[in-house]
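Worksheet: one structure, shown below.
What you are looking at is a predicted structure, and each value in this text was computed from that prediction instead of being measured. Below, chain A is the first sequence line, B the second, and so on; all start at residue 1.
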2 protein chains.
Amino acid sequence: MANTKKRPRIDKKNLIIRRMSTYLRTLDHLQNKGVKVISSADLEKIDGVTQSLVRRDFAEFGSFGVRGVGYHVPELREQIARVLGFDRHWKVALIGAGGLGSVLMHSASFKKRNLEVVQIFDHAGVSVGTSIEGIPVHDIANIEQELDASRIDLAIIAVPPPEVQSVIDRLSQLGVRGALYFASRPVRVPENMVVLNMDITVELGVLTYQLQDF
Amino acid sequence: MANTKKRPRIDKKNLIIRRMSTYLRTLDHLQNKGVKVISSADLEKIDGVTQSLVRRDFAEFGSFGVRGVGYHVPELREQIARVLGFDRHWKVALIGAGGLGSVLMHSASFKKRNLEVVQIFDHAGVSVGTSIEGIPVHDIANIEQELDASRIDLAIIAVPPPEVQSVIDRLSQLGVRGALYFASRPVRVPENMVVLNMDITVELGVLTYQLQDF
DNA sequence: TAGATTGTTAATCGATTAACAATC
DNA sequence: TAGATTGTTAATCGATTAACAATC
């Protein structure tokens with residue numbers, strides 16, 4: 001049987017990394033509340049990860065705490081942000097400026113994480129030619145001419161399901177390395193890309209399963 | 001130290017269930033394409049889960065395939081839908097009818113999974129009094145009076161981060177069992193609820209991490 | 001110092017893989 | 001029948017937990 005090419009160890013540390021990203025969010029929250037120091041036991045209560053695992057997760061990347069004291073929130077926050085790559089700036093292309101694309105543009109998610117949307121593409125129609133949050137919307141038909149892959153670190157793909165695969169393939173050709181899409185469908189991931197997906201129907205399945213005999 | 005209450009075995013089978021929900025999506029896709037039969041080896045190529053694990057996942061819930069042949073797509077689809085609870089109708093309350101709430105209402109995600117939004121709540125303002133997709137929008141201030149918990153199986157919470165916790169607490173009081181929220185913040189989950197979260201900032205952290213030395 | 005909490009190691013547990021008999 | 005692919009078991013691997021010495 002065909003030896004399906006081993007995906008690289010990308011989703012190797014996957015569980016740890018997802019938790020790290022969740023801790024970062026919690027630390028943002030704590031920092032907003034003015035909390036200065038936090039223990040792994042506190043984090044267990046907030047994030048539902050055992051204190052043992054919290055410490056082990058952090059220890060995977062360094063020694064961020066103070067014995068007998070806990071973790072200084074601003075410092076731990078910064079260390080985790082660094083691990084995840086948020087110590088640098090990321091340039092983003094938004095593909096699809098419909099309902100979801102607009103919601104994303106107007107949300108605080110990107111700037112909060114040092115991501116900057118520098119190009120927007122959509123189909124010729126209402127939005128092309130206008131600007132969203134100061135960024136002009138280009139025609140997706142011209143993406144090969146207009147997308148400057150050397151400036152783009154990742155793409156946020158907010159187009160309808162039937163278009164997602166072709167957008168990914170075109171981004172791959174252009175040399176864009178990363179993408180996140182929201183459509184509820186599987187995609188073939190090009191070798192030169194990391195592609196993640198957020199799909200509400202997948203989450204709904206998890207939720208309804210859990211509610212069945214709850 | 002306080003013996004933090006063990007969360008029930010809810011996220012016990014979590015990994016399997018998330019994969020099952022992903023297979024279901026793939027089967028929808030295959031069915032749309034008119035594919036009649038699929039093997040675990042095919043599913044490995046599409047979903048990136050080893051054929052061995054695919055078969056094991058299915059076997060966890062029954063015997064859905066035919067030796068020497070594979071899995072009949074419509075039948076497998078139906079079996080997995082049943083496992084996830086999609087063989088029944090789910091009534092949904094949408095809390096928050098702003099940008100994200102509207103996008104969700106206009107998407108096909110809910111009806112695709114046998115979920116029906118039967119009540120919508122938002123803050124007094126533009127949307128209250130109007131209808132979205134034929135469902136009238138109520139004032140969230142009156143949720144205690146207007147939400148009929150006996151009719152509602154789960155809530156979709158699309159309100160801004162600072163309001164999420166209070167919405168969850170109010171739903172818990174009302175007896176709503178399940179919720180999905182999108183805000184980037186931790187929440188305390190009431191004992192009588194299952195609460196899931198989709199947070200783009202968490203996914204962005206996973207993506208930027210993986211892109212770092214890709 | 002006494003008390004608290006980290007960082008880390010060894011033990012356990014659970015999830016994944018490999019292999020193959022069953023069977024279409 | 002021969003070829004294919006499932007369902008299932010045993011082996012392996014990796015992730016989590018428990019425990020405690022280090023140390024603030």
Q.
What is the separation between atom CD on Glu60(B) and atom P on dG14(C), rounded to the nearest whole Å?
A. 13 Å
Q. Hey, what do you get for OG1 (Thr201(B)) to CZ (Phe86(A)), rounding to the nearest 0.5 Å?
A. 7.5 Å
Q) According to the interplanar angle, ranging from 0 to 90°, do the rings of Phe58(A) and Phe64(A) count as parallel (below 30°), tilted (30 to 60°) or perpendicular (above 60°)? A) tilted
**Q.** Check: Leu196(B) main-chain N/O paired with Glu203(A) side-chain donor or acceptor under 3.5 Å
**A.** no
Q: Return the value, rounded to whole Å, for the distance between atom CD of Glu44(B) and atom P of dT16(C).
A: 14 Å
Q. What is the distance, rounded to the nearest whole Å, between atom CG of Leu76(B) and atom P of dG7(D)?
A. 9 Å
Protein and nucleotides 20-23 of chain D: nitrogen or oxygen contacts under 3.5 angstrom:
{"unit_1": "dA22(D)", "atom_1": "N3", "unit_2": "Arg67(A)", "atom_2": "NH1", "d": "3.0"}

**Q.** CA sep, side-chain torsions, deciding dist, call: Asp57(B), Arg18(B), salt bridge (charged side-chain N to carboxylate O under 4.0 Å, His left out)
**A.** CA-CA 11 Å; Asp57(B) 282 344; Arg18(B) 179 157 272 104; over 6 Å; no
**Q.** Nearest-nucleotide comparison on DNA chain D, the residue closer to the 5′ end among Ser40(B) and Arg56(B)
**A.** Ser40(B)
Q) Roughly, in whole Å, what's the span from CG in Leu53(A) to P in dT12(C)? A) 18 Å
Q: Please work out if Ser39(A) contacts a base, only the sugar-phosphate, or nothing of the nucleic acid, heavy-atom cut-off 4.0 Å.
A: sugar-phosphate
Q. Out of curiosity, Arg56(A) CZ to Ser40(A) OG, how far, rounded to the nearest 0.5 Å?
A. 13.5 Å
Q: Answer yes or no: is there a donor N or O on one side and an acceptor on the other, between the side chain of Thr208(B) and the main chain of Leu84(A), under 3.5 Å?
A: yes
Q. In whole angstroms, how far is the C1' atom of dT17(C) from the CD1 atom of Ile16(B)?
A. 14 Å
Q.
Mind checking if Tyr71(A) touches a base, just sugar-phosphate, or nothing, with heavy atoms under 4.0 Å?
A. sugar-phosphate
Q | Identified stems (criterion: three or more consecutive Watson-Crick or G-U pairs, under 3.5 Å), DNA chain D | A | C:3-24 with D:3-24
Q) Just to confirm, is there a sub-4.0 Å distance from OP1 or OP2 of dT16(C) to any side-chain nitrogen or oxygen of Thr50(B)? A) no
Q) Side-chain contact, heavy-atom cut-off 4.5 Å: Leu171(A) with Met193(A)? A) yes
**Q.** Whether Thr26(B) side chain and Thr22(B) backbone form a donor-acceptor pair below 3.5 Å
**A.** yes
Q: Report the distance from atom CD of Gln79(B) to atom C1' of dG7(D), rounded to the nearest whole Å.
A: 15 Å
For residues 88-97 of chain B, please give each side-chain donor-acceptor pair under 3.5 Å, one per line with the distance, not counting sequence neighbours.
{"unit_1": "His89(B)", "atom_1": "NE2", "unit_2": "Glu116(B)", "atom_2": "OE1", "d": "2.7"}
{"unit_1": "Trp90(B)", "atom_1": "NE1", "unit_2": "Gly85(B)", "atom_2": "O", "d": "2.7"}

Q.
Under 4.0 Å, counting only non-hydrogen atoms across every strand here, what does Phe58(A) touch: a base, just sugar-phosphate, or nothing?
A. nothing
Q | Whole angstrom value for the distance that separates P of dT6(C) from CZ of Phe61(A) | A | 18 Å
Q: Answer with base, sugar-phosphate or nothing: what part of the nucleic acid does Ser52(A) contact at a heavy-atom distance below 4.0 Å?
A: base
Q. Once you round it to whole Å, what is the distance between C1' of dA19(D) and CD of Gln51(A)?
A. 11 Å
